[in-house]
S.K.: 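Take this structure, written in structure tokens, and hold onto it; I'll ask about it next.
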Amino acid sequence: MSQIDSLARSRKRVFNSVFAPVKLSENAPTPLATPTPSSTAPGRPFGSATLPQIPLHDIPEPEAVKWSRAWHSATEFLQVPDRTFDTPSSYLEYARLNSRKKQITAETRNALNLLLLPHVPGLHEIPKEYDLLHWYCNEIRRHFITNIQSILCTALKKGSEDDPLAQTVRCLNVAHHTYFRPVEDHMLPEVVSTERNNTYSKLNEAFQSIVAHSLPSKRISDLLEETIRSTAVDILGISQARDDDADDTGSNDMEIDQQPSIIYRLWKEMPETARYEVYEVIPEYRDDRMSQARNKLLTLLHAMQELGLGGHRVQKVFAQVMNDMMTEFILVSYKEQWESPSLVREHLCLWVENVFARLAVEVLEIVQPPTDYRNDNLMNVRLDDVEKWQEIGLARLGALRTSELFDVIVNWDSSSGAIEDLKQYTTHTASRFSLSTAFVGTLSQRLLHPGASTAEILQLYISIIRAFSVLDPKGVLLDRAARPIRKYLRDRDDTVRAIVGGLLADPSDTDNTESSETLVELATELTNAHRRNLQNDSGELDWDDMSWMPDPIDAAADYKKSKGADVVGSLISLFDSKEAFVKELQSMLSERLLKKKPNFDQETSVLELLKVRFGDGALQACEVMLRDVIDSKRVDTVIRNDQELAGEPLPAWGTAAPVQKSYNVPQLHSKILSRFFWPALQDQPFNVPKEIKTLQERYSTGFEALKQSRKLTWLNALGHVTVELDLEDRVFTDEVTTWQATVIYAFQSDNAPATKTVAELAETLEMSASLVRSACLFWVSKRILVETQRDSFRVLEVLPNDEDHEMAISGDQEAANPSATESDAAAAADAAAAAAAKETANAAAMEKMNLYWQFIVGMLTNQGAMPLQRIIMMLKIAVPGGFPFGNEELREFLAGMVAQGKLEIVSGGSYKIVR
């Protein structure tokens, strides 16, 4: 056991001989109990139990004694007294009260002069721990760790001070002054002039090392980041937009991305010659807010650099903040700034060069390494660094415009300035791919879903074609963005109808109530595209085109260059076959041609333009339809003259007779259609009045005489009638359908106002009951008829007041049962009240059901025919709060829509929208 202990002690002695243990207590001066140098007899050394004795066998005794006295005197003078502090403020207050200069005696000055000599005769072998500078470094470390470190760490971590980082810097400045004042006043003058800078640098490096390793680095970095960020928004011109917008809205905590920009706008409003003469974006704040913030930041960073808290730590934090500030500046300045021409790129480069780079130069000049460690061949910020920062800023501007691209397309073409910015951004394959990928993802989320109507999707697709044609004339980006839209539009049932409806729309018809659902601009685009083709029909291989460029490298394998911004061609090419467009064109053209219009110039023009795209053969049937309508005017005039049907200008019938109390002969006009070239027209046969039937027979005779071997078949339900109803207190004139006119004509009577039921009218007119009731309700809405009971209507000769109207209804109910007893009358009243209440409840339920009609139309339009159970399931999912009706109620409602001709039942019991 003793051998093991001996071996351990031997190893310890060997280790200590190489790595001598240093304790803070060993560097303390000689204790106060030691006699003063004046009380020690000459030639006699003095010592301390805690201070190792200087080996004297190699040193002459008189020199050793002299050195020992000097050491004691110097260390006692330089020792920093200990004191306990609670907070950094208490330390600052103590330092302020004890800031007097330390008085030095001649004996201490001589001691410092002796100990600071570069070579002490006879003391060449003195150990390092007895070097006065080395001792003072350890004294500084001891005092800082013992007295100051704890209060600074506590203040930094807890944030007990208002500005813990600034308070820490102030404390470190005071400590630095406390430690270095005796050095500057008494030690450096005793050092050889050639060594003074080196001596001060060594002490300063030691102090910086102590500070850097004693305080929490992560916490200081976080506080520094907050400080730099708060001052950088003022220096870089960001806070002006933030504060002004907060004043306008009455809130100071508004998010940056929700504020309107003023920085770019103010710069843009400057005279063009003054835009390049300013260094800050907002000159009014250059000498006030920005200058104050700049001085505050630079002063703080300079102090931190001098105290050992700068260097790479500040550089890293500053780089991170400046990186974020550039993004924030671009967001605040240029968000939704889409005006054309765009000066955003010019403004951003000017800001980076004169504001961003200037701050970077000033900060890096402070936090760079000391002069002795610099490489004189390198500069902090070079010209190519500024150019790189400008490239970074432009890349982030492109990222901002990419995120806004969908909204830019929605607001086209007032947002063309944003496309100019993107055009400068999409110069590399990677940026083009990023833009197209992000935009396609946005389309899937915000547009390509059942909630968007086909007209809205087509409208946005048109804007995409126009915007992307400016962004990328070669059409590669448009090809990528259009693929998901085209695929989605092919799956919608009403896509063809929406396109054809837009082509046939009249651009000059500003009173069109369905303009929001009609792509009116397609008609204008069709004409413009034809003009462009006539002006430039050289095609892709134009040998005279000096600006020709090959297809981009990122073009897909099946890429086909689009011919400019040919919107109509892009929409027509949605489907591989043109038959769907031609068939829908025939259907919609027939609807427009059957309307009462003075001319059909718009339809003729559209048909001629489409013949250029589809060919004459594909549109032969449409051309025959148009010719039928035009020729019908001439044929109608000839037949009316031959049959003497042209009389006085009375109300005119399209294919039926007017309703009026006078018995004058009505006028009859017709449109003669070629049955083989027109699409199947849905007709609901019914009995027209005898006067109209007679006119039709005479008209048919005249036609057969004019067109031999041909025969007319009257489609009564497709006509229109101008009726004039002469009532007791008013005259009503309007254009209605033939079946509505036929129903009101049946109420004509010379006696008291006639009362008809739906069943009677249906039997007399051989018309479906649903159509009869629909016509009666139409006349009720015009206040020509009044419904006295369920399915019972009477002519309203005189418009009553509200009270008179109620009394009239009551009187009609009593007249219906003149022989009833009093009890029967009461029972009938109760039954009528119950029926009325039930009718009212049903009407209210149907009115509420109408609120969900648009949901049903959207589902059937976007997803095709659906059975009843699937419609209910979809409504329960789509309607907020759930669908409140049951299967039978919805079935009854859909049956009513079928009766109105809005829905039809296809195979399997599914409901489908009637086209």
S.K.: Are the side chains of H186 and F77 in touch, meaning some heavy atoms are under 4.5 Å apart?
M.R.: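 In short, these two side chains touch, coming nearer than 4.5 Å.
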S.K.: Does T231 reach the main-chain N or O of I228 with its side chain, forming a donor-acceptor pair under 3.5 Å?
M.R.: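 Yes; at least one donor-acceptor contact below 3.5 Å.
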S.K.: Is the backbone of E205 close enough, under 3.5 Å, to the side chain of S209 for a donor and an acceptor to pair up by distance?
M.R.: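 It does not hold such a pair.
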S.K.: Less than 4.0 Å between a side-chain N and a carboxylate O, is that true for E391 and K388?
M.R.: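 E391 and K388: not salt-bridged.
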S.K.: Do E139 side-chain atoms and L78 backbone N/O form a donor-acceptor pair below 3.5 Å?
M.R.: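 Checking the backbone N and O of L78 against the side chain of E139, no donor-acceptor pair under 3.5 Å is found.
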S.K.: Under 6.0 Å between the ring centres of F180 and Y136?
M.R.: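 No.
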S.K.: Is there side-chain contact between I366 and M304, with at least one heavy-atom pair below 4.5 Å?
M.R.: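 Sidechains of M304 and I366: no contact.
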S.K.: Looking at E420 and R345, does any basic side-chain N land under 4.0 Å from a carboxylate oxygen?
M.R.: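 Salt bridge absent between E420 and R345.
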S.K.: Side chains of F318 and V367, heavy atoms from C-beta outward: is any pair under 4.5 Å?
M.R.: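 Not in contact.
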S.K.: Can you check whether L422's main-chain N or O pairs, donor with acceptor, with T426's side chain at less than 3.5 Å?
M.R.: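 Between the backbone of L422 and the side chain of T426 there is a qualifying donor-acceptor contact (under 3.5 Å).
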S.K.: Would a distance-only check, ignoring hydrogens and angles, find a side-chain to backbone donor-acceptor pair under 3.5 Å from S436 to F433?
M.R.: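 Between the backbone of F433 and the side chain of S436 there is a qualifying donor-acceptor contact (under 3.5 Å).
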S.K.: Give the C-alpha distance, both sets of side-chain angles, the deciding distance and a yes or no for side chain to side chain contact (heavy atoms under 4.5 Å, CB included) between E404 and W338.
M.R.: CA-CA 10 Å; E404 297 176 325; W338 304 331; 3.1 Å; yes
S.K.: Can D234 and R294 be counted as an ion pair, charged N to O under 4.0 angstrom?
M.R.: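 Judged by the 4.0 Å cut-off on N to carboxylate O distance, D234 and R294 do not form a salt bridge.
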S.K.: Would you compute the distance between atom CZ of F144 and atom CD1 of I148 and round it to the nearest 0.5 angstrom?
M.R.: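 Rounded to the nearest 0.5 Å, the CZ-CD1 separation comes to 6.0 Å.
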S.K.: To the nearest 0.5 Å, how far apart are CG in L298 and CD1 in I235?
M.R.: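 Here the rounded value is 6.5 Å.
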S.K.: With the threshold set at 4.0 Å, does a side-chain nitrogen-carboxylate oxygen contact exist between K423 and D472?
M.R.: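 No, K423 and D472 are not salt-bridged.
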S.K.: Keeping S340 on the side-chain end and G417 on the backbone end, is there a donor-acceptor pair under 3.5 Å?
M.R.: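 Pair absent, no side-chain N/O of S340 close to backbone of G417.
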S.K.: Just by modelled atom types, is the H428 backbone N or O under 3.5 Å from a matching donor or acceptor in the S431 side chain?
M.R.: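 Answer holds: yes.
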S.K.: Please work out whether the ring planes of W351 and F356 are parallel, tilted or perpendicular, with thresholds of 30° and 60°.
M.R.: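 The arrangement is tilted - the two ring planes meet at 30° to 60°.
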S.K.: I'd like to know if D407 and K335 make a salt bridge, using a cut-off of under 4.0 Å between side-chain N and carboxylate O.
M.R.: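 No.
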